[in-house]
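Written out below as structure tokens is the structure these notes cover.
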Amino acid sequence: MQLKNFDMAEQLRDDEDIAEYLSQVLEEGDTDELIHALGHVAKAKGMTQVAKDSGLSRESLYKALRVGSKPQFSTVVKVLKALNFDLQAVAHKG
């Protein structure tokens with residue numbers, strides 16, 4: 001039996017799923033994984049629409065979110081805003 005490749009974007013069905021996913025990735029603190037996660041979310045929401053809403057070309061969006069890329073922070077913020085999400089600072093307890 002052939003197993004289907006796992007596609008994280010297919011698991012992100014609504015904004016609650018996306019918020020939980022991004023929160024977990026942010027909590028881990030791996031910036032490469034955050035960029036990768038944003039790529040999954042953009043795919044789930046539709047790359048063409050995210051590119052349009054972020055003011056980036058589709059090609060630039062793919063380039064910024066590919067594995068190993070190091071996009072500028074302003075690009076990350078544009079993508080988050082296009083996805084209707086914001087970063088939030090939370091004080092550490094302890």
Side-chain angles (χ1 to χ4, degrees):
M1 174 167 79
Q2 180 82 18
L3 293 177
K4 182 180 172 188
N5 287 336
F6 179 78
D7 186 352
M8 185 61 180
E10 292 176 3
Q11 307 305 310
L12 303 172
R13 293 177 286 277
D14 56 35
D15 285 348
E16 286 183 17
D17 290 346
I18 293 168
E20 181 63 30
Y21 176 52
L22 290 177
S23 292
Q24 287 179 8
V25 171
L26 283 165
E27 190 174 314
E28 292 171 11
D30 184 331
T31 56
D32 289 333
E33 189 58 33
L34 175 60
I35 301 308
H36 195 211
L38 287 174
H40 290 304
V41 175
K43 182 178 176 187
K45 291 275 194 171
M47 291 296 257
T48 301
Q49 189 62 47
V50 174
K52 180 181 173 187
D53 292 347
S54 67
L56 300 169
S57 70
R58 220 169 154 238
E59 181 179 312
S60 294
L61 181 61
Y62 275 108
K63 185 178 177 182
L65 299 180
R66 74 175 179 229
V67 174
S69 69
K70 301 288 184 200
Q72 293 184 355
F73 185 69
S74 61
T75 300
V76 172
V77 171
K78 284 179 186 177
V79 171
L80 282 166
K81 292 228 179 270
L83 296 169
N84 292 319
F85 287 92
D86 292 311
L87 291 177
Q88 183 178 15
V90 177
H92 291 267
K93 296 177 183 174

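- Residues S69 and I35 are in side-chain contact: their nearest non-hydrogen atoms beyond the backbone lie under 4.5 Å apart.
- Between Q72 and K78, the closest side-chain pair of non-hydrogen atoms is not below 4.5 Å.
- Here OG of S23 is found 11.5 Å from CD1 of I18. Values are rounded to the nearest 0.5 Å.
- Across every non-hydrogen atom of A42 and L83, the tightest pair is CA-CD2, 4.1 Å.
- Between L61 and A51, the shortest heavy-atom contact is CD2-N, 3.6 Å.
- Applying the ring pair (Phe, Tyr, Trp, His ring centres under 6.0 Å) test to residues at least two apart or on different chains, the pairs with a partner in residues 11-54 are H36-H40.
- Legend: salt bridge (Lys or Arg N to Asp or Glu O under 4.0 Å) pairs involving residues 52-62, not counting sequence neighbours: none detected.
- A continuous path of hydrophobic side-chain contacts links V79 to L87 [ILVMFWY only; heavy atoms under 4.5 Å].
- Taking CG of D14 as the start and CD of E20 as the end, the distance is 11.5 Å to the nearest 0.5 Å.
- Distance check: M47 CE to L56 CG gives 10.0 Å after rounding to the nearest 0.5 Å.
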Worked check of side-chain contact (heavy atoms from CB on, under 4.5 Å) between V25 and L38: CA-CA 10 Å; V25 171; L38 287 174; over 6 Å; no
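- The list of ring pair (Phe, Tyr, Trp, His ring centres under 6.0 Å) pairs with a residue in residues 47-89, not counting sequence neighbours, is empty.
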From CA spacing to verdict: side-chain contact (heavy atoms from CB on, under 4.5 Å), V50, V41: CA-CA 10 Å; V50 174; V41 175; over 6 Å; no
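- Closest approach of A64 to P71, counting heavy atoms only: O-CG, 3.5 Å.
- Sorted by first then second residue, the salt bridge (Lys or Arg N to Asp or Glu O under 4.0 Å) pairs that include residues 24-48, not counting sequence neighbours, are D7-K43, D15-K45, D32-K70.
- Rounding to the nearest 0.5 Å gives a distance of 10.5 Å between OG1 of T75 and NZ of K63.
- A pairwise comparison of heavy atoms in L22 and A37 identifies CD2-CB, 4.1 Å as the closest pair.
- Counting only residues at least two apart or in different chains, salt bridge (Lys or Arg N to Asp or Glu O under 4.0 Å) contacts with residues 79-91 comprise K81-D86.
- With sequence neighbours left out, Q11 forms a side-chain contact (heavy atoms from CB on, under 4.5 Å) with F6, M8, R13.
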